[in-house]
Protein chains: 4
Amino acid sequence: MEEVQRPRVGRKRSEAARRAILDAALELLRLHGYARLTTDAIARAAGVGKQTIYRWWPSKAAVALEALTELGRAIPSPETGSLEGDLAAFLASTFRLLRGPRGTAAVLKGLMAEAQLDPEFARGFAVFIASRRGALRAILERHAGRAEPARLEAAVDMLFGAMWYRLLVGHAPLDIAFARVLARLSARSLRPVRG
Amino acid sequence: MEEVQRPRVGRKRSEAARRAILDAALELLRLHGYARLTTDAIARAAGVGKQTIYRWWPSKAAVALEALTELGRAIPSPETGSLEGDLAAFLASTFRLLRGPRGTAAVLKGLMAEAQLDPEFARGFAVFIASRRGALRAILERHAGRAEPARLEAAVDMLFGAMWYRLLVGHAPLDIAFARVLARLSARSLRPVRG
Amino acid sequence: MEEVQRPRVGRKRSEAARRAILDAALELLRLHGYARLTTDAIARAAGVGKQTIYRWWPSKAAVALEALTELGRAIPSPETGSLEGDLAAFLASTFRLLRGPRGTAAVLKGLMAEAQLDPEFARGFAVFIASRRGALRAILERHAGRAEPARLEAAVDMLFGAMWYRLLVGHAPLDIAFARVLARLSARSLRPVRG
Amino acid sequence: MEEVQRPRVGRKRSEAARRAILDAALELLRLHGYARLTTDAIARAAGVGKQTIYRWWPSKAAVALEALTELGRAIPSPETGSLEGDLAAFLASTFRLLRGPRGTAAVLKGLMAEAQLDPEFARGFAVFIASRRGALRAILERHAGRAEPARLEAAVDMLFGAMWYRLLVGHAPLDIAFARVLARLSARSLRPVRG
DNA sequence: GTATAAGCGAGACGGTACGTCAAGTCTTTTT
DNA sequence: AAAAAGACTTGACGTACCGTCTCGCTTATAC
């Protein structure tokens with residue numbers, strides 16, 4: 001079921017405008033946080049008409065999501081030889097990105113909020129979440145592939161859940177130590193019962 | 001450090017208005033969800049002036065939070081004799097409340113969203129979260145009190161984190177089966193390594 | 001038809017409160033003008049409950065009106081021997097009061113505005129206006145009593161009208177010179193046609 | 001001093017919206033009077049967003065003023081050959097407009113009130129007043145041009161003053177008879193002393 | 001090479017909700 | 001019973017953003 005590719009007529013989408021919008025969105029997010037991000041402000045900062053944003057994205061949240069996806073493209077899936085080691089490395093580099101300079105944590109929090117308020121956006125956000133889950137699930141399967149699927153799923157929920165929970169509530173930091181403890185607990189919970 | 005108890009003069013806060021506001025808020029949340037909850041609507045439904053809401057609560061989120069706190073007052077902390085059993089029971093009754101008739105899940109999601117957008121509210125919300133954490137922490141300490149504190153904290157984060165994660169993302173249900181798997185994994189991760 | 005004087009029971013109306021209210025009202029009018037006068041502010045400044053104001057006056061405009069009436073009690077009706085002279089003297093002292101230190105002009109303007117917006121108050125205000133008209137009318141009748149009543153009425157309208165018009169529109173000052181010109185024109189318009 | 005005519009970009013002001021707003025304002029004024037006119041009601045009746053009103057007018061009073069100015073565009077300046085005749089005709093047609101079907105009198109009263117309460121609006125209102133004064137002044141100058149300017153000004157104040165005074169206080173009607181008396185008194189007061 | 005189709009920056013538009021202000025009323029305690 | 005204090009309902013205010021709709025241009029293909 002190919003996409004119909006009829007060679008369209010008229011002016012082409014401006015890559016310059018697209019970049020300017022994404023960059024402006026990230027910049028504004030970094031400066032003021034998601035709550036104070038407005039479509040008007042993005043348009044103004046990007047030197048772009050509001051319609052140009054709405055032509056290509058359904059909402060400001062979608063813009064932020066795309067901007068973010070670009071950033072978070074490559075978190076490496078390391079190979080240390082042990083489940084605990086791989087998990088610790090994966091979580092540590094994820095947490096490091098969140099503490100990064102681009103206000104990534106703020107953006108993620110804002111997107112999760114938006115997903116609660118806008119069901120349309122929630123669907124797009126779920127795709128993003130699923131792709132991250134896939135990466136973590138792959139690590140678990142590499143070392144504990146014989147465990148029941150429900151347990152693997154639950155383990156993923158517990159790891160990413162713990163991350164999001166700290167991210168959203170802010171009661172404790174997402175640091176290396178936390179990455180290590182999570183890895184340790186998770187590895188212990190999944191290992192075969194009998195040595 | 002006594003609370004100054006100067007016997008106030010003038011008309012007293014109307015308990016009737018307070019109740020009407022909280023009830024109206026819960027009712028509207030149940031009917032339309034948090035995203036469509038407005039201060040005007042609460043005031044109208046409660047037969048109350050908007051100002052009366054703003055006099056006592058800083059935002060509609062604070063109203064919803066208070067309404068919710070009343071509801072969630074008593075989730076029992078069971079005693080089954082084992083860590084896994086207690087966890088499974090606690091999680092199961094928590095999940096049951098979330099599936100309950102008052103749209104509790106929707107309210108919680110909305111509140112978490114609000115906390116991301118309004119730092120002022122985030123502080124109040126954190127108190128609510130902390131009280132729930134305390135209940136779960138108590139169960140863990142009863143059976144695994146000798147574990148390092150950081151591990152207990154992380155275990156709480158993983159359990160409630162997993163719950164919130166499913167609640168917010170909606171990729172899988174919060175059912176009894178999930179409660180059991182979480183309890184199992186958590187118990188295994190905390191038990192002493194050697195029998 | 002005597003007023004029934006049944007010796008009322010309970011606490012008596014506090015003259016101190018009455019004075020405090022009128023004084024506070026005048027002071028606030030002088031400071032901020034009528035537009036920014038609020039019942040709350042009067043009550044606060046007078047150290048009085050709002051209800052005490054509403055118990056005795058129907059609106060803040062009525063308070064201002066009473067305060068004003070006290071001030072404007074005695075504008076002398078002079079006797080110079082000529083119509084023109086009497087008019088000039090009467091207008092000059094009226095204008096002088098308006099330029100006085102108590103913000104009288106501002107109060108009058110505010111009351112006229114209120115009368116346009118509140119029919120209830122308009123009635124009370126009309127009484128005040130009528131009493132001023134009476135004073136001016138008396139002067140005219142003293143010297144031009146044989147003129148048709150309609151002309152005397154019209155002359156009063158033209159004199160007070162001119163005053164109010166300048167007061168309300170503010171396009172020109174209410175000074176001695178204006179008082180003299182008005183007196184001159186009015187006297188000429190009313191004198192018998194033939195010497 | 002040319003008006004800078006930079007050829008504006010973006011969507012143009014909607015004449016349809018402008019008309020709808022002015023028409024709605026007049027209609028509401030006619031129905032309910034100025035005191036009960038609200039920006040919300042105008043917007044609703046005109047099928048327009050409130051912001052569209054605030055974008056082009058600083059207040060509801062400015063809307064009413066513009067609506068009114070359109071109405072009162074043409075009161076004829078008649079030529080009867082005599083000062084008294086011209087004045088009588090001018091005043092009579094002015095009064096007739098005020099009694100007209102569009103609630104003009106009510107609007108004018110409301111605007112004068114507003115001018116007392118809002119200094120910003122007072123400036124705009126003064127322009128309107130000045131234009132009316134100009135028309136009357138022209139008639140006076142045609143027949144009594146040699147009189148001192150201060151007397152002409154005062155005569156204008158007395159005529160329009162009398163009109164506004166009756167309009168605002170409402171103690172007597174603005175009818176033909178009043179127009180005639182005003183014209184008579186005014187003409188007599190300005191004629192040369194000696195035939 | 002000229003019609004036709006889209007994209008673009010700008011900005012006005014119809015709406016919804018916000019949080020504030022003041023008006024006038026009602027309730028509690030004190031005098 | 002009146003007073004001070006202050007909470008109450010009501011209703012309008014002016015602002016902030018939302019997402020849509022023109023306007024006058026600027027590119028691109030298509031004829």
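So you know, we letter chains A, B, ... as the sequences are listed, proteins then strands, and number each from 1.
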Engineer: Apply side-chain hydrogen bond (donor to acceptor under 3.5 Å, both in side chains) to C:T39 and list each qualifying residue two or more places apart in sequence or on a separate chain.
Structural biologist: C:Y54
Engineer: Let me know the distance between CZ of A:R18 and P of E:dG7, rounded to the nearest Å.
Structural biologist: 16 Å
Engineer: Counting only heavy atoms not in B:R36, do more than 12 fall under 6.0 Å of its CZ?
Structural biologist: no
Engineer: Quick one: list whatever passes side-chain contact (heavy atoms from CB on, under 4.5 Å) with C:A45, sequence neighbours left out.
Structural biologist: C:A24, C:L28
Engineer: Looking at D:Y34, does the NZ or CZ of D:K60 lie under 6.0 angstrom from its six-membered ring centre and within 45 degrees of the ring axis?
Structural biologist: yes
Engineer: For a quick check, tell me whether the side chain of D:R11 and the base of F:dC21 share a donor-acceptor pair closer than 3.5 Å.
Structural biologist: yes
Engineer: Near DNA chain F, under 4.0 Å by heavy atom, which residues of residues 44-54 of chain C?
Structural biologist: C:G47, C:V48, C:G49, C:T52
Engineer: Return the value, rounded to whole Å, for the distance between atom CD1 of D:I21 and atom P of E:dG15.
Structural biologist: 12 Å
Engineer: Judged by each residue's nearest nucleotide on DNA chain F, which is more toward the 5′ side, B:K12 or D:A41?
Structural biologist: B:K12
Engineer: Would you indicate, yes or no, if F:dA7 has its OP1 or OP2 atom less than 4.0 angstrom from a side-chain nitrogen or oxygen of B:S14?
Structural biologist: no
Engineer: Can you tell me how far P of E:dA22 sits from CZ of B:R55, to the nearest Å?
Structural biologist: 14 Å
Engineer: Would you kindly compare A:D118 and B:E15 by the position of their nearest DNA chain F nucleotide and give the one closer to the 5′ end?
Structural biologist: B:E15
Engineer: May I ask you to verify if any side-chain N or O of C:W56 is less than 4.0 angstrom from the OP1 or OP2 atom of F:dA3?
Structural biologist: yes
Engineer: Distance check needed: F:dA4 C1' versus C:D40 CG, whole Å only.
Structural biologist: 13 Å
Engineer: Cation-pi check for D:W57 against D:R13: NZ or CZ below 6.0 Å from the six-membered ring centre and within 45 degrees of the axis, yes or no?
Structural biologist: yes
